[in-house]
Amino acid sequence: MLMVCGCAGDTELTGTLYERGERAPSFEGAPNEDAAYVWVCDEFYEVDSGGTSQQVDGREVNLAFESPMPRGFDTREQAVENAREHVRTQFARIGVDPSTVEFNIEKVELDTDL
């Protein structure tokens with residue numbers, strides 16, 4: 001699997017991209033098991049009060065989280081580009097310029113002994 005991490009505004013957001021042959025989480029709303037690549041990441045937005053407090057770009061932001069919406073893709077290139085766009089969108093939703101997001105993509109081996 002790939003961990004896709006976007007950093008901006010002195011904070012980061014990381015999602016998981018399950019690759020062909022890896023078993024992605026299965027739950028209501030998950031993509032068809034036939035999807036070659038499955039992206040799973042938090043979705044959030046800024047709220048005036050309540051939520052979870054987070055320091056972003058030197059200011060306190062209250063975040064409300066939505067249920068992750070897994071997405072399936074046919075190719076790795078599609079999956080990675082959509083993962084990057086998803087992360088940029090989440091930052092934009094809390095007032096951070098999406099063009100400032102820097103990415104780190106790391107391959108992580110699944111523990112098959114579990």
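In this text, all values refer to a predicted model and were calculated from it rather than measured experimentally.
Between the side chains of T11 and Q55, no donor-acceptor pair of N or O atoms lies under 3.5 Å.
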After noting the C-alpha distance and the side-chain angles of M1 and E109, does the key distance pass the side chain to side chain contact (heavy atoms under 4.5 Å, CB included) rule?
-> CA-CA 6 Å; M1 76 180 149; E109 296 299 323; over 6 Å; no
Walk me through it: do Q54 and E60 pass the test side chain to side chain contact (heavy atoms under 4.5 Å, CB included)?
-> CA-CA 6 Å; Q54 176 77 36; E60 189 171 318; over 6 Å; no
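Here the side chain of E12 pairs no donor or acceptor atom with the backbone of G6 at under 3.5 angstrom. Panel note: side chain Q90, backbone V87; no donor-acceptor pair is recorded below 3.5 Å. Side chain of H86 to main chain of W39: no donor-acceptor pair is present (N/O by atom type, distance under 3.5 Å, no hydrogens or angles).
Within the model, atoms OG1 of T14 and CG of L2 stand 12.5 Å from one another, a figure rounded to the nearest 0.5 Å. In this structure, OG1 on T52 lies 10.5 Å from CZ on F44, to the nearest 0.5 angstrom. To the nearest 0.5 angstrom, R20 atom CZ is 8.5 Å from D74 atom CG. Remark: K107 NZ to L17 CG distance equals 9.0 Å, nearest 0.5 Å. To the nearest 0.5 Å, atom OG of residue S53 and atom CG of residue L63 are 8.0 Å apart.
Tracing side-chain contacts under 4.5 Å through hydrophobic residues (I, L, V, M, F, W, Y), one reaches F73 starting from F103; they form part of the same cluster. Both Y37 and I105 are part of a single hydrophobic cluster, where members link through side-chain heavy atoms under 4.5 Å apart. Side-chain heavy atoms closer than 4.5 Å link hydrophobic residues (I, L, V, M, F, W, Y) into clusters, and following such links, even through other members, never connects I94 to Y45. Under the 4.5 Å side-chain contact rule for hydrophobic residues, Y18 and M3 share a cluster.
With R71 as the partner, the salt bridge (Lys or Arg N to Asp or Glu O under 4.0 Å) test is satisfied by one option alone out of E85, E81, E43: E43.
Taking 4.0 Å as the cut-off between side-chain N and carboxylate O, R93 and E46 do not count as a salt-bridged pair.
Closest non-hydrogen pair, F65 versus D42, comes out as CE2-OD2, 4.0 Å. Scanning both residues, N62 and S49, for their nearest heavy atoms gives ND2-CA, 3.8 Å. Across A35 and G72, no two heavy atoms sit closer than the pair CB-CA, 3.8 Å. Contact between V96 and G9 at its shortest, heavy atoms only, is CG1-N, 4.3 Å.
Between C41 and T16, every side-chain heavy-atom pair lies at or beyond the 4.5 Å cut-off.
Applying the 6.0 Å contact sphere to CD of E102 captures no more than 12 heavy atoms from other residues, nucleotides or ligands.
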